[in-house]
Amino acid sequence: MREVYLDHYAATPVVTEASMAMAPYLDDKFGNPSSLHSWGDAAREAVEEAREHVASLLSADPAEIIFTSGGTEANNTAIKGIAYASRKKGNHIVISEIEHFSVLHAARTLEKLGFEVTEVGVDGDGVVSPAGISEALRPDTVLISVMIANGEIGTVQPVKEIATVARGEGIAFHTDAVAAAGYLPLDVNDLGVDALSIASDLLYGPKGAGALWVRHGLRLMPLLDGGTQEGGRRGGTENVPGVVGMGVAARLAGEDLGKRAGRLASMRDLLIERLPRAIPHLRLTGHPTNRLPWNASFTVEFIEGEGMLLLLDQVGVAVSSGSACTSRALKGSHVLSACGVPAAIGQGSLLFSFGLDNLPEDVDYVLEVLPPIVERLRKMSPLFDKFLKQGGGQDSTVQ
Amino acid sequence: MREVYLDHYAATPVVTEASMAMAPYLDDKFGNPSSLHSWGDAAREAVEEAREHVASLLSADPAEIIFTSGGTEANNTAIKGIAYASRKKGNHIVISEIEHFSVLHAARTLEKLGFEVTEVGVDGDGVVSPAGISEALRPDTVLISVMIANGEIGTVQPVKEIATVARGEGIAFHTDAVAAAGYLPLDVNDLGVDALSIASDLLYGPKGAGALWVRHGLRLMPLLDGGTQEGGRRGGTENVPGVVGMGVAARLAGEDLGKRAGRLASMRDLLIERLPRAIPHLRLTGHPTNRLPWNASFTVEFIEGEGMLLLLDQVGVAVSSGSACTSRALKGSHVLSACGVPAAIGQGSLLFSFGLDNLPEDVDYVLEVLPPIVERLRKMSPLFDKFLKQGGGQDSTVQ
Amino acid sequence: MNPRNVGEIEDADGIGEIGNPVCGDMMSFYIKVDDNDRLSDVKFKTFGCGAAIAVSSMVSEMATGKTIDEALEITRDAVADKLGGLPKNKLHCSNLGADALHNAIEDYRSKQQAGEKGDQDG
Amino acid sequence: MNPRNVGEIEDADGIGEIGNPVCGDMMSFYIKVDDNDRLSDVKFKTFGCGAAIAVSSMVSEMATGKTIDEALEITRDAVADKLGGLPKNKLHCSNLGADALHNAIEDYRSKQQAGEKGDQDG
Ligand SMILES: Cc1ncc(COP(=O)(O)O)c(C=O)c1O
Ligand SMILES: Cc1ncc(COP(=O)(O)O)c(C=O)c1O
């Protein structure tokens with residue numbers, strides 16, 4: 001059976017150069033970077049080299065990079081760490097409604113602990129407006145966090161404009177670049193942000209590694225207290241192999257960024273163009289053009305996402321969905337609902353995330369296998385039934 | 001040159017079976033355990049199998065295991081998470097003075113955030129007394145944390161007795177087992193604790209993985225907010241290869257525990273017996289007998305640790321020291337100072353941590369190379385000078 | 001995923017509906033009842049996850065041929081057991097399936113009563 | 001680690017001490033001064049890290065043969081530079097080395113003054 005992996009937003013394979021670079025650090029170069037002997041020296045040098053690669057992907061100073069265990073830890077460190085460090089100045093945080101749970105839930109935890117949080121909405125394409133952020137600001141606002149781009153719907157945010165707003169008010173601005181790093185050019189100074197999170201595992205590096213870039217001078221309370229690793233900003237023995245793998249992955253992503261993005265975008269565009277022709281009552285979600293090069297996201301009306309995932313898996317295709325049934329929390333996507341997609345329609349969401357291993361033929365395969373699956377599930381669906389009986393045929397996607 | 005690595009408390013090599021088990025998860029089995037397709041299934045099954053191995057090492061229920069990025073995250077999650085979850089009940093935490101920084105500094109962060117912390121002292125052998133803990137308790141105490149054994153001085157703590165005290169008062173009891181897991185038999189029910197931290201990298205597993213065991217029913221506020229991974233208690237994409245490696249390492253450690261401990265203890269005892277004969281003015285630190293099987297720790301009077309480390313490294317020997325100069329924070333060991341070791345003498349601390357790759361001949365090599373190094377540094381030392389002039393010759397270790 | 005009894009019964013004796021697409025699950029059950037009070041035909045339509053579909057199919061198979069009273073004894077646990085267990089967060093699906101069937105039986109009974117009443121009244 | 005000039009000068013003209021083993025570093029410098037006010041011999045003893053030992057050795061080498069005034073111009077930065085740079089958290093060691101030397105020179109000078117006074121008084 002053909003295998004077509006189109007779920008790179010959930011996981012990417014580790015690029016061979018990265019796993020090869022990691023191998024010695026899982027073997028004889030097993031030292032602890034804090035150790036004062038040859039084993040320690042080798043590990044320390046490897047971590048510092050990786051730090052340079054990661055910094056270089058962001059045009060940042062290596063001394064400003066804090067390695068973490070992933071995107072979630074980077075976001076939690078930023079949100080909680082900046083908020084607590086500036087608590088004397090104020091108590092209010094502004095984020096968007098479509099942030100990843102690692103930002104959203106971190107902010108909600110802060111809310112329980114006495115902070116106030118404003119969640120700014122988005123338009124139908126999932127765009128956060130700089131004016132909306134500006135309006136949400138208060139004299140006691142100490143932190144703004146808006147992501148570079150949303151992975152579920154692909155929409156790229158006007159982060160530079162929001163940064164200008166933040167700067168004008170002297171408020172720290174964090175951005176979650178987990179879904180974007182390696183796919184969009186990122187220069188922390190050009191962006192004008194103060195802190196930025198990335199993860200290794202969406203970048204063809206290993207899971208278990210990530211990084212938070214924090215501008216010199218921005219105060220941060222550590223999330224992981226412990227030793228003096230990472231300049232005293234993140235305790236714990238460094239995940240040396242993970243960090244080394246992330247470094248190589250970041251270097252390759254940086255070297256290859258434009259070409260990668262181009263290839264991914266061409267497959268994305270093919271699917272976005274053809275799928276709506278092959279399946280009726282299907283809609284693109286997110287911004288029509290200003291979106292991540294790897295992201296093609298849709299809603300398929302009258303059916304639910306998990307069923308599609310299971311049947312697609314049976315024919316070798318891996319994708320994901322934001323439906324309630326596919327989430328362990330049994331809640332529909334907060335992102336789609338923020339975009340105004342009705343809950344029933346959001347249940348039929350499908351996310352295709354392209355990767356370096358995909359070929360244009362993978363799009364053909366999806367176009368071949370998905371329409372009959374949708375048809376079959378619609379035949380089972382009481383909703384489609386009703387729709388047809390109520391004189392279906394016209395598009396009912398917008399209710 | 002002979003290479004003698006005796007710094008297994010800083011880092012252990014990854015056992016081959018573990019790194020082999022990890023390899024596929026860095027390659028074609030790269031799925032995200034949350035994904036609803038074959039790639040996701042493979043990753044999820046691997047994580048759950050690892051969870052069983054780790055649980056089994058602790059005689060615990062796999063559902064009670066939370067995977068973390070290491071010992072530091074496990075400790076921070078326990079200390080901060082239990083304290084915040086029980087804040088309504090009280091505001092007071094009791095720890096020992098010789099806890100690892102990931103417990104000590106987490107508690108001190110809580111102190112800044114409004115909690116009260118009592119640090120209970122130890123005796124000259126580094127033993128925390130259950131009576132001392134008992135005395136420190138208050139009606140508003142919500143958490144006690146005392147480690148199974150201290151890695152710097154090797155002393156094993158009377159955790160079972162302390163657990164009885166905690167239970168009697170209905171106070172949650174966390175124990176840091178990072179230095180002990182895989183070397184001492186650990187059964188969470190027999191110990192009677194409520195939460196227990198371990199790390200992969202002191203267990204011949206990879207860096208970047210650890211676990212917190214939390215008894216069913218004990219409330220915990222997550223440290224890493226995000227998705228619903230780890231039963232909603234730790235967000236973030238699981239470090240699948242890391243967790244798999246940790247699982248295998250835990251399984252091997254459990255199967256082999258008695259034999260491993262015996263081998264390590266025999267080398268430890270050899271060094272503890274012989275080194276004081278080869279080097280005058282040298283003292284064992286920690287408890288003389290009730291200590292971790294891998295730990296032989298000393299102070300060497302009149303000289304400083306970093307010098308010894310550098311000269312030992314030149315002859316291929318890797319060890320560590322708790323001296324101020326060897327710490328990036330430039331502070332002497334808080335553990336030695338809690339044991340009443342005078343600061344000047346603590347500067348000459350040396351820690352030999354034995355591992356599975358060591359042989360009895362490694363002890364012979366240390367006995368050959370270390371005495372002349374000590375002699376050379378003492379010749380350089382103004383302190384030794386003074387000691388000799390003041391009619392040295394008698395042992396002055398106890399000042 | 002090969003569910004049986006997917007579909008609709010045009011002249012069903014009872015129809016049961018449960019759930020709401022907003023929550024992610026919705027099921028319709030159609031039953032045909034013979035003269036011996038037996039479910040001679042059971043069909044369903046489901047909007048929902050794989051478990052919901054599997055549960056619907058299993059409930060329809062378990063119910064077919066049973067008397068009404070027997071069918072009312074089909075419980076959530078029995079359904080989950082027959083399916084070889086369900087993950088925790090999918091257990092509510094087995095409830096939904098049994099409930100939809102029970103609703104269809106209710107519907108049949110209330111129609112019967114209405115009919116009897118009609119007969120008496122007439 | 002091959003430090004030079006380790007040791008003590010029995011009949012030193014000046015002795016400088018600095019630091020405290022409690023903090024992890026302690027240095028003693030011994031100097032011999034010739035008739036032209038030049039440091040004809042410089043020796044040291046050090047309790048401390050590798051950097052402290054290297055710094056002591058470097059300071060002793062830099063000072064030997066210099067006049068007192070030249071030796072007083074040996075700065076922390078000059079020492080660190082000569083060693084090819086020091087890690088941030090070891091920079092204080094280069095201060096210690098220069099200070100210990102300066103203390104030895106101070107000691108020599110105060111002894112000189114005391115001697116001159118003694119001469120006048122006598
Ligand atoms: C936008 C965004 N932020 C943060 C994260 C969390 O990253 P991780 O799962 O590596 O912790 C993700 C994960 O997919 C993400 O998409
Ligand atoms: C007793 C103890 N607890 C916690 C830790 C922290 O573990 P990690 O460095 O894996 O985060 C260590 C590390 O050596 C330790 O010895």
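Per chain, numbering begins at 1; letters A, B, ... match sequence-line order.
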Out of Gly70(A), Ala318(A), Ser69(A), which one racks up the most heavy-atom pairs below 4.5 Å with chain B?
-> Ala318(A)
Checking heavy atoms, do the side chain of Tyr25(B), its backbone, both or neither come under 4.5 Å from chain A?
-> neither
Can you say whether Glu306(B) sits under 4.5 Å from chain A via the side chain, the backbone, both, or neither, judging by heavy atoms?
-> side chain
Between Ser320(B) and chain A, which part of the residue has a heavy atom less than 4.5 Å away: side chain, backbone, both or neither?
-> neither
Region of Val243(A) that comes under 4.5 Å of a non-hydrogen atom in chain B | neither
Closest heavy-atom contact between Thr72(A) and Gly236(B)?
-> OG1-CA, 3.1 Å
Beyond-backbone contact of Leu113(A) with Met221(B), side-chain heavy atoms, under 4.5 angstrom = yes
Within a reach of under 6.0 Å around CZ of Arg219(B), are more than 12 heavy atoms found that belong to other residues, nucleotides or ligands?
-> no
Interatomic spacing from CZ in Phe101(A) to CD in Gln229(B) - rounded to 0.5 Å | 10.5 Å
Side chain, backbone, both or neither of Lys80(B) within contact of chain A (heavy atoms, under 4.5 Å) = side chain
Heavy-atom donor-acceptor pair, Lys207(A) side chain to Gly242(B) backbone, under 3.5 Å = no
Could you grab the distance from atom OG1 of Thr16(B) to atom CG of Asp27(A), nearest 0.5 Å is fine?
-> 7.0 Å
Any idea which heavy atoms bring His105(B) and Gly226(A) closest together, and the distance?
-> ND1-O, 2.9 Å
How far does NE2 of His37(A) sit from OH of Tyr5(B), to the nearest 0.5 angstrom?
-> 5.0 Å
Tell me, for Asn76(B) versus chain A, whether the close heavy atoms (under 4.5 Å) come from the side chain, the backbone, both or neither.
-> side chain
Where does Thr12(B) contact chain A at under 4.5 Å (heavy atoms): side chain, backbone, both or neither?
-> backbone
The interface call for Val319(B) against chain A, heavy-atom contacts under 4.5 Å, is backbone
Is Glu48(A) atom CD crowded by more than 12 heavy atoms from other residues, nucleotides or ligands, each under 6.0 Å away?
-> yes
Between the CG atom in Leu36(B) and the CG atom in Asp7(A), the distance rounded to the nearest 0.5 Å is 9.5 Å
Sort Thr77(A) into side chain, backbone, both or neither according to what part of it lies under 4.5 angstrom from a heavy atom of chain B.
-> neither
Asn32(A) and Ala11(B): which non-hydrogen atoms are nearest, and at how many Å?
-> N-CB, 3.7 Å
Could you have a look at Ser321(B), Gly31(B), Gly40(B) and say which one has the most heavy-atom pairs with chain A under 4.5 angstrom?
-> Gly31(B)
Nearest atoms (heavy-atom pairs only) where Met22(A) meets Leu26(B) = CE-CD2, 3.8 Å
Measure distances from Arg234(A) to the heavy atoms of chain B and classify the residue's part below 4.5 Å as side chain, backbone, both or neither.
-> side chain
Just do the side-chain contact (heavy atoms from CB on, under 4.5 Å) check on Leu223(A) and Leu223(B) with the steps written out, would you?
-> CA-CA 8 Å; Leu223(A) 185 70; Leu223(B) 186 70; 4.0 Å; yes
To the nearest 0.5 Å, tell me how far Phe30(B) CZ sits from Asp201(A) CG.
-> 11.5 Å
Where is the tightest heavy-atom contact between Thr109(B) and Asp225(A), given as atom of each residue plus distance?
-> OG1-OD2, 2.7 Å
Considering only heavy atoms and a distance below 4.5 Å, find which of Ala199(A), Ser19(A), Ala106(A), Gly71(A) pairs most often with chain B.
-> Ala106(A)
With respect to chain B, which residue among Pro222(A), Gly208(A), Gly232(A) yields the maximal number of heavy-atom pairs within a distance under 4.5 Å?
-> Gly208(A)
Contacting region of Thr326(A) [heavy-atom separation from chain B under 4.5 Å] | both
One option among Pro241(B), Ala18(B), Ser34(B), Ala23(B) has the most heavy-atom pairs under 4.5 Å with chain A, and it is Ser34(B)
More than 12 heavy atoms of other groups within 6.0 Å of Glu111(A) CD = yes
